[in-house]
Amino acid sequence: MIFSANMLKTYKTCPQKYKLKYVESFSLPQKYEIFEKGKKIHALAYYYLKGDDISRFQSALNEEELKLWEQLRKNEFFNKKTYRAEFELNCKIDRFWVGGRLDAVVYEGRNFYILDYKTGSAPKNPEEDLQTLVYLEALAKHLKGDFDELKFVYIDLKNNRNCIVDYRLINPEIIENICRQIESEKFQPNKENCINCEYKNYCLI
């Protein structure tokens, strides 16, 4: 089994929610329009970085989406050399497999940068975010340490800014600890987060 960053985040938020979502496979319907803007920008970025003709896709953007795309296109990190786009990457931490899909990896010399485009806001504490930890550790292992600099860059399109986390500042033991907790099958609810949980009407707690 491969633990995604979202799976680890869910467990950290509430183990009972993790059980409902990933153990019992209890899913809730979601409105497509919530994700439509982000999907368009991600798809456009993927084809752009591949060097494809994006004129047809670009013409389908509305005014807000076009503004976000122009911000991304002009971003200093987005304009570095492309190593991979939509990069599916997994790694092993102790005996646990973790990973996910990286929006893009770019580089300049021996310096590598993971890009994550956010049409919403970036995490409040990106250096502690499990997506940051998982992706940085996975890429570090993929590169086998052959780099001078490795950073995660949240490109916050909503606020037109970059949030940057250096690989040297993260602690991968956090990932391993959560994986061990999941393995223990202790799915106690975190009642502090019940009020904003989309599962609150379906949870027996």
Side-chain angles (χ1 to χ4, degrees), residues 1-28 30 34-35 38-39 42 84-105 112-145 150-156 162-200 202-205:
M1 181 179 186
I2 299 174
F3 292 111
S4 69
N6 280 335
M7 293 171 74
L8 301 179
K9 285 184 183 182
T10 300
Y11 188 89
K12 185 178 179 181
T13 300
C14 177
Q16 173 71 5
K17 181 179 178 179
Y18 176 93
K19 181 182 179 182
L20 286 170
K21 191 171 182 179
Y22 296 109
V23 178
E24 299 180 359
S25 300
F26 185 85
S27 60
L28 297 175
Q30 295 179 317
I34 295 175
F35 306 100
K39 285 183 176 179
H42 280 75
R84 297 280 196 284
E86 293 296 328
F87 188 19
E88 192 77 37
L89 189 59
N90 305 314
C91 75
K92 199 171 186 180
I93 298 178
D94 190 52
R95 64 179 180 277
F96 305 105
W97 282 95
V98 297
R101 184 184 294 274
L102 289 60
D103 289 349
V105 177
F112 289 81
Y113 307 91
I114 298 170
L115 306 187
D116 192 84
Y117 328 127
K118 294 294 185 187
T119 52
S121 298
K124 291 183 179 179
N125 299 300
E127 68 281 352
E128 299 175 4
D129 191 87
L130 284 160
Q131 182 179 3
T132 311
L133 304 183
V134 169
Y135 289 8
L136 280 172
E137 187 64 16
L139 185 58
K141 288 181 179 292
H142 169 78
L143 296 173
K144 299 179 181 178
L150 175 57
K151 294 183 178 181
F152 193 116
V153 183
Y154 286 99
I155 301 180
D156 183 346
N162 297 322
C163 300
I164 304 171
V165 180
D166 194 309
Y167 172 67
R168 293 168 294 185
L169 302 179
I170 72 163
N171 179 10
E173 289 184 6
I174 295 173
I175 303 170
E176 183 182 339
N177 289 338
I178 295 178
C179 290
R180 289 184 184 280
Q181 291 174 45
I182 294 174
E183 184 182 54
S184 72
E185 297 187 349
K186 294 180 180 179
F187 300 119
Q188 297 300 315
N190 182 355
K191 296 183 179 180
E192 293 181 1
N193 294 321
C194 287
I195 190 169
N196 296 317
C197 180
E198 67 272 29
Y199 284 83
K200 64 183 178 183
Y202 308 93
C203 182
L204 299 178
I205 302 302

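All of these numbers come straight from a predicted model, not from anything done at the bench.
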Dump the intermediate steps for side chain to side chain contact (heavy atoms under 4.5 Å, CB included) on Lys17 and Glu198, then the final yes or no.
CA-CA 9 Å; Lys17 181 179 178 179; Glu198 67 272 29; 3.2 Å; yes
Does Asp156 form a side chain to side chain contact (heavy atoms under 4.5 Å, CB included) with Asn162? I'd like the steps, not just the answer.
CA-CA 6 Å; Asp156 183 346; Asn162 297 322; over 6 Å; no
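Between the side chain of Lys118 and the backbone N or O of Ile155 there is no donor-acceptor pair closer than 3.5 Å. Here the side chain of Tyr199 pairs a donor or acceptor atom with the backbone of Phe26 at under 3.5 angstrom.
With no hydrogens or angles considered, no side-chain donor-acceptor pair links Thr13 and Tyr18 at under 3.5 Å. Looking at Asp116 and Gln131, their side chains do bring a donor and an acceptor atom within 3.5 Å of each other.
The closest side-chain heavy-atom distance from Lys21 to Met7 is not below 4.5 Å. In this structure the side chain of Phe152 never reaches within 4.5 angstrom of the side chain of Pro126, judged on heavy atoms. Inter-residue side-chain proximity for Ser4 and Val98 is flagged as unmet; no heavy-atom pair is nearer than 4.5 Å. You'll find the side chain of Tyr22 reaches within 4.5 Å of the side chain of Asn6, heavy atoms only. You'll find the side chain of Val165 reaches within 4.5 Å of the side chain of Ile170, heavy atoms only. With contacts defined as side-chain heavy-atom distances shorter than 4.5 Å, the pair Lys186/Pro15 does not qualify. Using a 4.5 Å heavy-atom cutoff, the side chains of Phe187 and Tyr11 are in contact. The shortest side-chain heavy-atom distance between Tyr113 and Val105 does not fall under the 4.5 Å cut-off.
Listed by chain and number, the residues in a side-chain contact (heavy atoms from CB on, under 4.5 Å) with Glu173 are Asn171 (sequence neighbours excluded).
Taking NZ of Lys12 as the reference point, atom CD1 of Ile178 lies at 5.5 Å (rounded to 0.5 Å). A distance of 9.5 Å separates CD of Gln16 from SG of Cys197, quoted to the nearest 0.5 Å.
Across Lys151 and Leu136, no two heavy atoms sit closer than the pair C-CD2, 3.8 Å. Between Cys163 and Ala122 the shortest heavy-atom distance is SG-CB, 3.9 Å. Nearest heavy atom pair, residue Leu8 against residue Ile175, reads CD1-CG2, 3.8 Å. Across all their heavy atoms, Phe3 and Cys179 have their closest contact at CD1-SG, 3.6 Å. Among all heavy-atom pairs drawn from Gly38 and Thr119, the shortest one is CA-OG1, 3.8 Å. Ile114 approaches Tyr135 most closely through the heavy-atom pair CD1-O, 3.4 Å.
Among residues at least two apart or in separate chains, side-chain hydrogen bond (donor to acceptor under 3.5 Å, both in side chains) pairs with a member in residues 91-105 are His42-Asp103, Glu88-Arg101, Asp94-Arg180, Arg95-Glu183. Each salt bridge (Lys or Arg N to Asp or Glu O under 4.0 Å) pair with one or both residues in residues 127-140, not counting sequence neighbours, appears once here: Lys9-Asp129, Glu137-Lys141.
At a threshold of 4.0 Å, the pair Lys19-Glu185 does not count as salt-bridged, since none of the basic side-chain nitrogens sits closer than that to a carboxylate oxygen.
Below 30°, between 30° and 60°, or above 60°: for Phe87 and His142 the angle between ring planes is above 60°, a perpendicular geometry.
Around the CD atom of Gln188, the shell of radius 6.0 Å holds no more than 12 heavy atoms that belong to other residues, nucleotides or ligands.
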